[in-house]
Amino acid sequence: MALLGAVLTAGGCGFAGAHGSGVHGGSSAGDRVGTATAGSGGVQHITVKGDENMQFTPNVIKAHPGKLEIRLVTTGATPHDLEVTKLHATTGMVKKGKPGEVEVDLSSAGRYDFVCTYHTRQHMTGVIEVS
């Protein structure tokens, strides 16, 4: 019974740690970079795909301070979500054929991590770099 409790506790710790800051390290050669485009009313837009390999594309989003609308599209049978952890903003569950959106206010320059809360253990993470 103690072993079962230790296993369950360890599993929970892995998830909680993924929600903290720094879930996505510095940029690397394997990063898939995308740049948000300006839209009407000064709102920036970008579409992010979540796939069956538990990856976001892009997983690095370049944006400017201000409002950013992220559209999440799931390309396979596995549902995903996209949560900007620092801002507690999420698309909610997104299934194939039914995109989800979240708008965030990136008030200052810096890094804003995002995750798929369903697949943090598979390291389905990314970062918004605001400059």
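- Exactly one of His119, Gln55, Lys96 qualifies for a side-chain hydrogen bond (donor to acceptor under 3.5 Å, both in side chains) with His80. That residue is His119.
- For Thr75 (side chain) and Gly50 (main-chain N/O), a donor-acceptor pair under 3.5 Å exists by modelled atom type.
- Using a 4.5 Å heavy-atom threshold, the side chains of Leu106 and Leu87 count as touching.
- In this structure, Thr120 OG1 and His123 NE2 are separated by 8.5 Å, a value rounded to the nearest 0.5 Å.
- Taken from CD1 in Ile128 to CG in Asn59, the straight-line distance is 12.0 Å, to the nearest 0.5 Å.
- Using modelled atom types, one side-chain atom of Gln44 and one backbone atom of His64 make a donor-acceptor pair closer than 3.5 Å.
- Rounded to the nearest 0.5 Å, atoms CD (Glu101) and CD (Glu69) are 4.0 Å apart.
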(message) Would Asp113 and Thr125 count as a side chain to side chain contact (heavy atoms under 4.5 Å, CB included) here? Give the steps.
(response) CA-CA 7 Å; Asp113 295 323; Thr125 63; over 6 Å; no
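- In the hydrophobic cluster analysis, where Ile, Leu, Val, Met, Phe, Trp and Tyr join through side-chain heavy atoms closer than 4.5 angstrom, Val94 is grouped together with Ile46.
- Between Val48 and Pro58, the shortest heavy-atom contact is CG1-O, 3.7 Å.
- Val33 and Val127 fall within the same hydrophobic cluster, defined by Ile, Leu, Val, Met, Phe, Trp and Tyr side-chain heavy atoms under 4.5 Å apart, directly or through other members.
- Here the closest non-hydrogen pair linking Pro65 and Ala109 is CG-N, 4.3 Å.
- Residues Tyr118 and Thr78 form no side-chain contact, since every pair of their non-hydrogen atoms from C-beta on lies 4.5 Å or further apart.
- Checked by atom type, the side-chain pair Thr117/Asp81 shows a donor-acceptor distance below 3.5 Å.
- Nearest heavy-atom pair, Phe56 versus Arg32, reported as atom, atom and distance to 0.1 Å: O-NH2, 2.8 Å.
- Considering only heavy atoms from C-beta on, Lys95 stays 4.5 Å or farther from Thr74 through its side chain.
- Contact of the Cys116 side chain with the Leu82 side chain is not registered, since no non-hydrogen atoms from C-beta on lie closer than 4.5 Å.
- Note that the OG atom of Ser107 and the NZ atom of Lys67 stand 10.5 Å from one another [nearest 0.5 Å].
- Cluster annotation: Met124 and Val73 are assigned to distinct hydrophobic clusters (Ile/Leu/Val/Met/Phe/Trp/Tyr, side-chain heavy-atom contacts under 4.5 Å, transitive).
- Arg71 contributes no side-chain N or O that, together with a main-chain N or O of His45, makes up a donor-acceptor pair within less than 3.5 Å.
- The shortest distance between side-chain heavy atoms of Ile70 and Val84 falls below 4.5 Å.
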